[in-house]
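I have placed the structure first, in the form of structure tokens, so that the comments after it can refer back to it.
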Amino acid sequence: MTVFYERFERHDHATGLKAHSTHYCPGCGHGLVHKYLAEAVEQLGVQDRTVAVSPVGCAVFLHYYLDVGNTQAAHGRAPAVAIGHKLANPDAIVVSYQGDGDLASIGLAEIVQAAQLGLPLTVVFVNNAIYGMTGGQMAPTTLPGQKTATSPHGRDRTMGAPLRMAEMIAGIDGAVYVERVALYDAKQRVKAQKAIRRALETQVAGRGFAFVEVLSECPLHLGLTPQQAEAWVRESMTPVFPLGLKKDAKVEAWPAWRPPSFDPQRLASVVGASTEAVPRFASGFPRTAFGPDVGIKFAGAGGDGAQTAGLLVARAAINEGFDATHIPSYGPESRGGTSYADVRLAETEVRSPAVPSPHLLVAFNAPSLARFGPAVLPGGVIVYDSSLVPERPPGLEHARIVPVPCSRIAHDLGRTAVKNVVALGALQAAASLFPDQSWLTAVRQALADKPALLPINEQAFAAGAEAIRRVEEVVA
Amino acid sequence: MANRKARPTLSPEICKGCGRCIDACAHHCIAAGTHVNPATGLVPVTLDLERCSACGLCLEACPEPYGLLPEGDEAAAEPTGQKRPPAVEDQPDTRVALPALRPLVVKGTYASAIGALLAGCRHFFGYPITPSTEGAELMAKLLPELDGHFVQAVSEVAAINMMYGCGGAGLRSLTFTSSPGFSLMLEGLSYMVGAEVPAVVVNVMRGGPGLGNIGPEQSDVKLACRGLGHGNTHAIVLAPATTQEMLDLTMLAFDLAFRYRNPVVVLADGYLGQMTGKVTLPDELVRPGLPGWAVHGDREHRPNLVSSIQLSEADLEAHNLRLIAKYERMARSEQRAELYEAADADVLLLACNTPARLAKGAVRALREAGVRAGLFRPVTLWPFPIDALRPLLRPGLRVVTVEASHGQIEDELRLALSHAGIAPPPLAHVRRYGGVLPKEEEIVSRVLGGPERGVA
Ligand code: SF4
Ligand code: SF4
Ligand code: SF4
């Protein structure tokens, strides 16, 4: 009797007879299912590897009896818990043992997903057409007309028809082996033993998800003697829940899982961390009129590259050893085709990352300029795309306003998408935040996967800066 | 044992008299009993094995493991006094040096995901929900490259239970979620606390109640600190304020989760999740060991059980007392706070997550305006860092809580003061809701005596 504990220590601390008897009612089918499961575990030699997940319901105390690794799950969640165990240790043989309330009612989503994923798991589903532990209420598998505590006049049409889980699970592609068996006579019991062993074998062979539904007796809540309950299952349940094999798919075993890697080099490369030091070009934090903390806002329509531009600035600052933050526009606006990026640069630590009042604003269209232009701090700089905003808006005299035809320049270079880099070149020329090389290094890092785009981005940056110089000349 | 052709022997003490064996025997060797067994109040069957063919069918029909035994196996039913195998030793974690790496420039959810990888987590279970999803997406991309596992669960309910399984097997698992998803995980978190299963849940809080919006709020503080499902539950709650802390505190969370055998919640806000910043990587990564208590599915760990059910009131009370003693250990040892210009402050701003950064900006502005302001930032919301606050509470000090929730953080402060027997200092607050964060100017004006923003 190796797979049952020699003494049921967990059963009320093995007091008296409880050391060797179960908590089940006389004639309850659960004891038989436990026995067949224990036998199968023993026959397949997997006792050490087995993890039994017990449900909520009368079988909640499976761990009193089975001498295997035991886990007790929340109501209906045993298949999810089983998935966690299987992926934690693919060598484990994981059995989810569940009743009809647990599996076919509260845990429908979990069992369906487990079958759909198709991982090698074994589910033993004990269907006795009633809630046992809570005291005889209606189960999803309660028969039409059957009286229970919550269908006192018999299950009628308003309460739905019984759920046939084996057929339902068999209809899911991930399930490999599905069978429905019963316990009411010696012949059925032999079939039940075989099916449970088969369901375990399916997992041991790594073939996939296996499901055995066992029609079982709950004499207590049927108000029947054990013999009457056996007859009831045979006569009343089997017409609704036909016995037999529902599915036995020919599938390849799952390939073996490799153990997780903790190799430091591999991890560093996977997360994109580089050992290469980044050259620094700046001699110190930008000496602007704004003090130790610079707020920049990029604003435009989706596709204008506001976010990319913001990230490039943040990256350039961080490369130079400073602190920086970038926040994309947030909230429903981000779905409305507009895109704003807030960037803050600080010599040591960015305090407030939000930029409601920027020192520097890059506006890619007229609404952005109208919305954020007035918020720019006195003495700040506004760069805007003059190809899209032909008329310089009034009322922005508090800031230095620099029209740059970003879109047209980018278009002339042959790639409209680089207009944000044109704008960055202009911003740099207007506000001299970092040496040009800092910017270009950040651009190079961002294009590490697309080196072919580097030249045009470099040209765009230079053209933006050049445009500023031309504007300045005109002004002078 | 069943499944063996043998004659039966009966344990009359164990037999429940169900009669299943009677039907099974074609030779009518077994009959219903007539005498009540005084020990059980049940009526065991009687055997007369004269005609017995040793077919074994009765053995297969008995639901009791020790009811009918094959002849020769009776000894098994006798208590042998055999001891359970001794508890297995913990396999300790090891730390592996990382090469010197330059800082990453990543968003908060990414930093947290990378922190989990560095902490040895190779299992992610989650359900997509804005604004946390990008963290999950990164895990989906990276975990297969490290031979780890990513599962998109059918719901948050399933996700947290997959974590219960993975954690129960002794491994590290992570999820990213956001407020409505966190609500769904509370059931599972209660089971984890009860069964002492470690896991790390990163909740990137958004606006509520209900579906609310995806803007940043801090309105799950009460759930994380006071409402982790049913029962007497607690978990350490970490509140990062920077991208760097998204990584650092996620790493710390795994350490704490396994040190205390308890889930740990990292509470971030939607802003922090999206914000890109500089992240310096640690010198080492963790190669996790395997705790001795794990239900791992191997020989050494076979005797183990992960469960939160304790049927007897006495047992459940004892279990609660053990958990409460653990909460007290956490409360003593795991308080963390950051103080900024707090030592000489007349006005102490109290804030965490992104609002703490806005409050930091306000402290600077207030100092420039000649007000001695400081910031007290709880890094652990539970346990509340009362030990760090206590020495700052001189007479005349005002405390202004700045938060994106309806006083949930202030309530933590009030509870902590009350539990510590400290009379509360004058309290005021700046609160915003619905995805709006308190603004720096708003904080400054409130400290300078401005009115509380209210419903007009
Ligand atoms: S209530 Fe029903 S299912 Fe539960 S132990 Fe009793 S007979 Fe078995
Ligand atoms: S072993 Fe067979 S013949 Fe003997 S008592 Fe059992 S069922 Fe009857
Ligand atoms: S089947 Fe087992 S419990 Fe039931 S009457 Fe026979 S010996 Fe007793």
Side-chain angles (χ1 to χ4, degrees), chain A residues 1 4 6-7 17 19-22 26-28 31-32 35 39 48-49 51 60 63 69-72 74 77 80-85 87-89 92 109-110 113 186 189 226-227 258 260-262 264 267-268 270-271 273-275 278 311 314-315 318 323 325-328 331 351-353, chain B residues 1-3 13-14 16 18-20 24 57 60 63-66 76-77 79 82 96 98-99 101-102 104-105 114 122 142 145-149 154-155 158 161-162 164-166 168-169 171 191 215 274-278 281 285 287 295-297 299 302 305-307 309 357-358 360-361 440:
Chain A
M1 282 256 180
F4 281 109
E6 201 157 322
R7 281 169 60 78
L17 293 173
H20 293 100
S21 75
T22 69
C28 174
L32 286 173
K35 240 166 133 166
E39 281 164 20
D48 285 335
R49 293 160 63 195
V51 172
V60 64
H63 57 266
N70 278 289
T71 298
Q72 203 293 309
R77 320 296 175 220
V81 173
I83 288 169
H85 273 283
L87 292 178
N89 177 13
E110 284 77 11
Q113 181 175 33
R189 287 190 286 264
Q227 283 64 46
R258 282 190 300 269
S261 163
F262 297 96
L267 188 127
V270 160
V271 304
S274 162
T275 49
V278 196
L311 283 167
R315 188 180 280 277
I318 289 169
D323 194 20
T325 55
H326 159 272
I327 301 195
R351 290 189 186 85
S352 177
Chain B
M1 171 157 191
N3 208 43
E13 306 274 75
I14 307 290
K16 288 180 172 160
C18 72
R20 277 189 181 260
L57 287 176
E60 318 254 329
E64 283 296 317
Y66 295 109
Q82 175 207 352
V96 187
L98 277 166
L101 298 165
R102 70 173 185 233
L104 296 176
V105 181
I114 293 167
R122 295 292 179 272
L142 303 188
E145 297 182 39
L146 295 167
D147 296 318
H149 297 282
V154 67
S155 69
N161 282 285
M162 292 173 186
Y164 180 95
C166 186
L171 267 61
Y191 278 78
Q274 295 290 317
M275 184 164 64
T276 294
K278 171 179 172 176
L281 295 167
L285 63 78
R287 178 199 288 271
V295 177
H296 194 64
R299 183 178 191 80
R302 196 178 95 200
L305 167 68
V306 166
S307 164
I309 188 168
R357 304 188 72 168
L358 305 167
K360 219 175 202 182
E440 210 172 296

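Throughout, protein chains are lettered first and strands after them, A, B, ... in sequence-line order, and every chain is numbered starting at 1.
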Determine whether A:Arg49 and A:Asn89 make a side-chain contact, defined as any pair of heavy atoms from C-beta on separated by less than 4.5 Å. no

Greatest number of heavy atom pairs closer than 4.5 Å to chain B - which of A:Asp323, A:Val51, A:Val278, A:Leu267: A:Leu267

Out of B:Glu145, B:Arg122, B:Arg287, return the one with the most heavy atom pairs under 4.5 angstrom to chain A. B:Arg122

Segment of A:Gln113 engaging chain B (4.5 angstrom heavy-atom cut-off): side chain

For a quick test of reading the model, state the closest non-hydrogen atom pair linking A:Leu17 to B:Glu13 and the distance between them. CD2-CB, 3.4 Å

Does any heavy atom of chain A fall under 4.5 Å from the side chain of B:Leu358, the backbone, both, or neither of them? both

Please identify, among B:Glu440, B:His296, B:Arg20, the residue contributing the most non-hydrogen atom pairs under 4.5 Å to chain A. B:Arg20

Could you have a look at A:Ser274, A:Gly31, A:Ala186 and say which one has the most heavy-atom pairs with chain B under 4.5 angstrom? A:Ser274

Classify the side-chain pair A:Ser21/B:Glu64 by whether it contains a donor and acceptor separated by less than 3.5 Å. no

When rounded to the nearest 0.5 Å, the distance separating NE2 of A:His326 from CD of B:Gln274 is 9.5 Å

With a 4.5 Å cut-off on heavy-atom pairs, point out which of B:Leu171, B:Val105, B:Val96, B:Leu98 contacts chain A the most. B:Val105

Distance, nearest 0.5 Å, that separates CD1 of A:Ile318 from OG1 of A:Thr325: 8.5 Å

Who pairs with A:Asp48 by salt bridge (Lys or Arg N to Asp or Glu O under 4.0 Å), at least two apart in sequence or on another chain? B:Arg299, B:Arg302

Residue among A:Ser352, A:Ala273, A:Ala268 with most heavy-atom pairs under 4.5 Å to chain B: A:Ser352

Would B:Glu60 and A:Arg189 pass as an ion pair if we require N to O under 4.0 Å? no

Using a cut-off of under 4.5 Å on heavy-atom pairs, state which of A:Ile83, A:Val270, A:Thr275 scores highest against chain B. A:Val270

Any side-chain heavy atom of A:Thr71 sitting closer than 4.5 Å to one from B:Tyr164? yes

Only pairs of heavy atoms separated by less than 4.5 Å count here; which of A:Ala92, A:Ser261, A:Pro226, A:Ala109 has the most with chain B? A:Ser261

Of the listed A:Leu311, A:Val60, A:Val271, A:Asn70, the one with the largest count of heavy-atom pairs under 4.5 Å with chain B is A:Asn70

Quick check for you: among B:Thr276, B:Leu57, B:Ile309, B:Leu285, which has the greatest number of heavy-atom pairs under 4.5 Å with chain A? B:Thr276

Minimum heavy-atom separation for B:Ser155 to A:Glu110, with atom names? OG-OE2, 4.4 Å

Segment of B:Leu305 engaging chain A (4.5 angstrom heavy-atom cut-off): both

